[in-house]
Structures are given as C-alpha cells and as structure tokens.
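Remarks on the structure that follows.
These numbers come from a predicted model, not from an experiment. Values below: all heavy atoms of this structure, side chains included; hydrogens, waters and symmetry mates excluded.
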Amino acid sequence: MAREASKGHKAAVTVLAWGVALLIFFPILWTFLISFKTEGEAINSHPSFLFFEWTLENYETVNQRSDYLAHFWNSVVISLGSTVLGLIIAVPAAWSMAFVPGKRTKDLLMWMLSTKMLPAVGVLVPIYLLARDAGLLDTKTGLVIVLTMVNLPIIVWMLYTYFKEIPGEILEAARMDGATLSSEILYVLTPMAVPGIASTLLLNVILAWNESFWTLNLTAASAAPLTAFIASYSSPEGLFYAKLSAASTMAIAPIMILGWFSQKQLVRGLTFGAVK
C-alpha cells in the first residue's frame with residue numbers, strides 16, 4: 001500500500017513538475033513559433049498554434065537588415081570578459097572574507113548585496129558621464145567594466161558561500177608545507193572549488209548576456225550586443241512582432257544551448273556543499 005502511494009505521489013509530482021516547466025517555457029516556445037509566421041498571422045486575434053503557413057521570411061529580413069554575427073561577437077566578448085574580470089577580483093576577495101574574516105565582514109557582504117537593490121537608472125547619469133569622459137562610450141571595454149561592477153556582488157557572494165564549505169585545515173596544512181598566499185589560492189583552494197567557480201561563471205555569463213539596460217544606454221553601434229540587436233526591431237513605426245520574435249530567437253538560442261549542455265555542472269555547483 002505504501003509502495004502504491006509512493007508511486008502515485010511520484011507520478012503527481014512528475015506531472016506537476018512538467019506542468020510548471022511547460023508554463024515557464026511557453027513564452028519562449030510562443031516566440032519561436034511567431035518567428036515563423038507572417039506579420040499578419042502574428043497579430044491575428046485568433047492565432048493558430050501549429051497549423052499555419054510556416055515561412056523563413058522573417059529570418060531572411062533580419063539577416064539582411066542587421067549584422068547578426070557582429071552583435072553575437074560583441075555579446076560573447078562582453079559576457080566572457082566581464083565574468084573573467086569579475087572572477088579575478090572576486091576570488092581573492094571571497095578568500096579573505098571566508099578564511100580571514102574581520103569584524104565588519106558580514107556588514108560588508110550585506111552592503112555589497114544591498115547595491116543590487118538600487119535601481120540601475122539611479123546611477124545611470126554618473127556612470128554615463130564617467131564613461132563619456134573616459135572615452136568608453138560604445139566600446140566593449142566600457143561595457144565589460146560596467147557589467148563587472150554590476151555583477152561583482154553576486155560573484156563574491158556565491159564564491160564566499162562555496163569557500164565557506166571548504167575546511168580551513170586544508171589551507172593551514174598547505175601553509176605548513178610552505179605554500180605562499182598566491183599558490184594557496186591557485187593550487188589548493190581553486191581546484192577544490194571548481195564546481196562552485198564553474199556555476200558562478202555560467203550564471204554570470206547568462207546575466208551579462210541578458211543585460212539590456214546598460215547595453216542599450218552605453219552603446220550605439222560599434223559595441224552593441226544582441227540585446228541591442230533585439231531592441232532595434234521595436235521602432236516608433238510600430239512593433240513588428242514576427243521579425244522581433246525572429247531576432248529574439250536568434251539572440252537567445254546560443255545561451256539556451258549553453259545552458260542545456262551545462263545544466264548538470266550548474267546544478268552541481270549550485271548545490272555544492274548543500275549535502276553533507
């Protein structure tokens with residue numbers, strides 16, 4: 001009886017999980033389907049789900065109008081550059097907070113987290129002026145620096161959490177064997193925290209890839225990533241839903257593929273140290 005109840009419970013949980021997953025995924029699926037419709041079909045008050053005249057016209061128009069590969073390359077450079085720079089800064093910071101905490105360490109961590117509660121528009125003007133005066137407007141370097149600062153609190157918090165799960169005795173043993181501070185971080189701490197570092201890297205690549213506020217306000221053409229590529233199909237003349245959906249599908253496809261192939265590593269890293 002208990003086994004039957006257990007099977008029924010598992011089946012109900014499975015159905016519920018699939019229902020929630022489909023509900024979350026439906027907007028992406030609908031965007032994908034609209035990208036293959038004509039503009040007239042896309043704004044039809046009685047849209048069809050699968051039975052419509054499929055067309056590649058929107059993708060052809062988007063590729064003719066915009067340089068997708070240039071925007072894609074900008075997104076790759078900005079996302080990877082800001083994440084790697086953030087890790088270079090955050091690993092020593094998280095190490096010091098995890099293994100050499102001070103009286104104000106927790107206050108500092110909370111202050112860093114509180115900066116994520118500030119609306120980005122509240123600091124737009126000073127950052128825009130600083131970027132303008134430094135000659136960093138519409139440059140990949142400027143966006144890498146800004147996105148590093150934006151995501152740095154998250155990187156530090158995640159690494160701090162992972163580092164806290166590593167026994168301090170291991171690092172003490174390395175010091176007794178003559179390890180310097182740099183070799184301790186590079187050759188002892190970092191290899192032990194690879195799952196956590198990998199999940200942090202993947203999550204922040206996704207955050208940087210999806211960032212639209214700063215990319216739209218600090219770029220114009222030269223360093224415009226895929227978020228600006230999508231926004232270019234929303235104009236005062238109206239919303240071209242089919243073409244906008246095609247551009248959105250092309251923009252989210254690379255990061256969805258990355259997330260699909262790295263999901264096990266991401267889950268492993270996010271649960272690192274959760275099970276004793």
Side-chain angles (χ1 to χ4, degrees), residues 72-116 140-141 143-211 225 254-276:
F72 171 79
W73 175 247
N74 289 340
S75 287
V76 170
V77 172
I78 292 166
S79 300
L80 292 180
S82 62
T83 301
V84 171
L85 180 58
L87 286 174
I88 292 172
I89 299 172
V91 168
W95 173 87
S96 64
M97 293 178 181
F99 299 108
V100 195
K103 294 182 179 179
R104 300 293 182 185
T105 296
K106 291 185 177 180
D107 295 335
L108 180 59
L109 284 167
M110 289 305 300
W111 173 79
M112 293 180 68
L113 189 62
S114 69
T115 61
K116 297 298 296 178
K140 291 188 281 290
T141 302
L143 280 177
V144 166
I145 294 172
V146 170
L147 293 186
T148 298
M149 293 189 297
V150 168
N151 293 326
L152 191 59
I154 296 176
I155 302 176
V156 172
W157 259 93
M158 291 184 69
L159 292 179
Y160 169 78
T161 303
Y162 300 136
F163 289 173
K164 286 288 288 184
E165 299 297 330
I166 296 175
E169 292 79 5
I170 296 177
L171 301 182
E172 291 178 5
R175 293 183 203 126
M176 292 178 65
D177 289 337
T180 61
L181 178 59
S182 58
S183 60
E184 176 186 328
I185 295 176
L186 286 175
Y187 302 116
V188 181
L189 179 65
T190 302
M192 295 183 65
V194 164
I197 293 174
S199 64
T200 302
L201 186 148
L202 291 170
L203 181 61
N204 282 275
V205 165
I206 294 171
L207 290 174
W209 188 279
N210 293 333
E211 177 61 45
I255 206 69
M256 286 192 66
I257 294 171
L258 174 65
W260 177 265
F261 283 106
S262 61
Q263 57 181 316
K264 290 184 179 180
Q265 184 65 41
L266 185 59
V267 171
R268 181 187 174 196
L270 291 176
T271 57
F272 181 67
V275 181
K276 299 294 184 184

Can you find a pair of side-chain heavy atoms, one from L258 and one from W209, that are under 4.5 Å apart?
no

Quick one: closest heavy-atom pair of F163 and V91, and the distance?
CE1-O, 3.7 Å

With no hydrogens and no angle check, is any side-chain donor or acceptor of S82 less than 3.5 Å from a backbone partner on S79?
yes

Could you tell me which non-hydrogen atom of L159 sits nearest to which non-hydrogen atom of A90, and how far apart they are?
CD1-CB, 3.8 Å

Separation between OH of Y160 and OG1 of T105, rounded to the nearest 0.5 Å
7.0 Å

Are T200 and Y162 close enough that a side-chain donor and a side-chain acceptor fall under 3.5 Å?
no

Nearest-0.5 Å distance, CG of residue N204 to OG of residue S199:
9.5 Å

Hey, is the main chain of S75 close enough, under 3.5 Å, to the side chain of K140 for a donor-acceptor pair?
no

Nearest 0.5 Å please: distance from the CG atom of L207 over to the CD1 atom of I255.
9.5 Å

Step by step, would you call I89 with V156 a side-chain contact (heavy atoms from CB on, under 4.5 Å)?
CA-CA 9 Å; I89 299 172; V156 172; over 6 Å; no

To the closest 0.5 Å, what do you measure between CG (L147) and CE (M149)?
9.0 Å

So, for V188 and M192, which heavy atoms are closest and what is the spacing to 0.1 Å?
O-CG, 3.2 Å

From L87 atom CG to T83 atom OG1, the distance as rounded to the nearest 0.5 Å:
7.0 Å

When you look at V150 and K116, which way does the side-chain contact (heavy atoms from CB on, under 4.5 Å) test go after all the steps?
CA-CA 8 Å; V150 168; K116 297 298 296 178; 3.6 Å; yes

Check L143, T148, T141 against I145 for a side-chain contact (heavy atoms from CB on, under 4.5 Å) and give me the one that passes.
T141

Nearest 0.5 Å, what's the CD1-CH2 distance between I166 and W95?
12.5 Å

Determine yes or no for a side-chain-to-main-chain donor-acceptor pair under 3.5 angstrom, with S96 supplying the side chain and A93 the backbone.
yes

Would the distance check show the side chain of W157 and the main-chain N or O of L109 forming a donor-acceptor pair, the cut-off being under 3.5 Å?
yes

